[in-house]
Chemist: 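Can you read through this structure? Questions will come right after.
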Protein chains: 2
Amino acid sequence: MTFDATDRKILMLLQQDSTRTTKELSLKLNLSVTAVYERVKKLEREGVVDRYVAVLNQKKVNRAFVVFCHLKLTQHAKEYLTHFEQEVVRLDEVIECYHVSGDYDYILKIFVADMEEYREFMVTKLTTLKHIGSTHSTFMISEVKNTNVITL
Amino acid sequence: MTFDATDRKILMLLQQDSTRTTKELSLKLNLSVTAVYERVKKLEREGVVDRYVAVLNQKKVNRAFVVFCHLKLTQHAKEYLTHFEQEVVRLDEVIECYHVSGDYDYILKIFVADMEEYREFMVTKLTTLKHIGSTHSTFMISEVKNTNVITL
DNA sequence: TCTGAAACATGCCAGGA
DNA sequence: TCCTGGCATGTTTCAGA
């Protein structure tokens, strides 16, 4: 799929702030409201824009303790992978989970309130899953960059 | 900061889909439009809702090759850290960067088109930064879970 | 794919319980 | 904190180029 300069600008602007109105975009782009409207609808229809979401402030909702958990399974039969994946998606604390190459099988990004809550999560939720070989937790010290915008 | 059940529901619904109108929310919550409107505005004013954004489909914009890069600096003097952090935020391919505990100093999440583009990124951008000790790249095989919603 | 206009829905504010 | 009502604004559709 290919985009012209106008589409790229629209996508940049909406990735930064999706509350911008069609009118606002039309002014920035020197186009009519309808022209912008139809481009945006097209991008939505084609699935280039997947969804619009509200991003919460992690501190304000008390989930600023971020942990990266590298995890290995005991075996790699397909049923083991599938079972683990089915279970892990159901854990609310797990914001992201990727099957990856290398020494570990999965990388998880976990949001909790503090170390105590993380301990609780590990003991009562994560390590109760079947076929978990080993885990290695890496704690976030500070967030250097965390954006949702993909520059086109 | 503490939230009642209504606030939590509003935050859940807007995290999933921020195009929901106040009217739509009011129906789901059995409240008047204005009551919902004022709660949402309060959550925005207090900074609980940080921002509203468009989420793009990585495949459709040709950035579905995801790499986690674990990175160590040669030294840990404050000026070295600061310099690295200032530079890394300017790299468009780096979507997230965290200063972390453990064997490595930083974990980066990188979006590119393919391996070739990743190689190009490493050679011409990342490893040209000063004070980089070592890097270790982990490639995403599949995305098991990737959500923005924080369950309250 | 664009412009301009008209119809419709929602956002947003006032006044009050 | 909630409600009802109303005006301003933006969204959406349509005709025409």
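On a predicted model such as this, the values are computed, not experimentally measured, just so you know. Each chain gets a letter, A, B and so on, in the order the sequences are listed, and its residues count up from 1.
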Chemist: Just by distance, no angles: are the side chains of B:His76 and B:His131 close enough, under 3.5 Å, to form a donor-acceptor pair?
Modeler: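 Note: B:His76 and B:His131 side chains miss the donor-acceptor criterion.
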Chemist: Looking just at side-chain N and O atoms, do B:Lys42 and B:Tyr37 make a donor-acceptor pair shorter than 3.5 Å?
Modeler: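 Absent: no donor and acceptor within the cut-off.
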Chemist: With sequence neighbours excluded, tell me which residues meet side chain to side chain contact (heavy atoms under 4.5 Å, CB included) with A:Ser137.
Modeler: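 If we apply the side chain to side chain contact (heavy atoms under 4.5 Å, CB included) test to A:Ser137, skipping adjacent residues, the hits are A:Val67, A:Cys69, A:Tyr118, A:Met122, A:Phe139.
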Chemist: Side-chain donor-acceptor pair under 3.5 Å between B:Arg51 and A:Asn148, yes or no?
Modeler: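 Side-chain D/A pair, B:Arg51 to A:Asn148: present.
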Chemist: Connecting only ILVMFWY residues whose side-chain heavy atoms lie within less than 4.5 Å of each other, what is the rest of A:Val53's hydrophobic cluster?
Modeler: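 So far as hydrophobic clustering goes, A:Val53 is joined with A:Val55, B:Val53, B:Val55.
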Chemist: Given B:Asp17, which partner from the list B:Leu14, B:Leu13, B:Thr19 fulfils the side-chain contact (heavy atoms from CB on, under 4.5 Å) test?
Modeler: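 The option that passes is B:Thr19.
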Chemist: List, with names and distances, any nitrogen or oxygen atoms from the protein found under 3.5 Å away from nitrogen or oxygen atoms belonging to nucleotides 4-10 of chain C.
Modeler:
residue, atom, partner, partner atom, Å
C:dG4, O6, A:Thr34, OG1, 2.9
C:dT10, OP2, B:Lys23, NZ, 3.2

Chemist: May I ask you to decide if B:Val94's main-chain N or O and A:Lys145's side chain share a donor-acceptor pair within less than 3.5 Å?
Modeler: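 Answer holds: yes.
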Chemist: Got a sec? Which of residues 35-47 of chain B come in under 4.0 Å of DNA chain C, heavy atoms?
Modeler: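 Within residues 35-47 of chain B, the residues near DNA chain C are B:Tyr37, B:Lys41.
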Chemist: For the residue pair B:His99 and B:Asp105, confirm or rule out a side-chain donor-acceptor distance under 3.5 Å.
Modeler: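 B:Asp105 and B:His99 do not have a side-chain donor-acceptor pair below 3.5 Å.
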Chemist: Under 3.5 Å, is there a donor-acceptor pair linking the side chains of A:Arg20 and A:Gln16?
Modeler: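 Side chains of A:Arg20 and A:Gln16: pair found under 3.5 Å.
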Chemist: Taking B:Glu46's backbone N and O only, do any of them form a donor-acceptor pair with A:Lys60's side chain (distance below 3.5 Å, no angle check)?
Modeler: yes
Chemist: Check whether A:Lys72 reaches the backbone of A:Gly133 with its side chain - one donor and one acceptor, N or O, closer than 3.5 Å.
Modeler: no
Chemist: Can you pull the contact range of chain B along DNA chain D, 5' to 3', using atoms under 4.0 angstrom from its heavy atoms?
Modeler: D:dT1 to D:dG5
Chemist: Have a look at the helix from C:dT1-D:dA17 to C:dA17-D:dT1 and give the angle its two end axes make, five pairs each, rounded to 10 degrees.
Modeler: 30°
Chemist: Taking A:Tyr52's backbone N and O only, do any of them form a donor-acceptor pair with B:Ser18's side chain (distance below 3.5 Å, no angle check)?
Modeler: yes
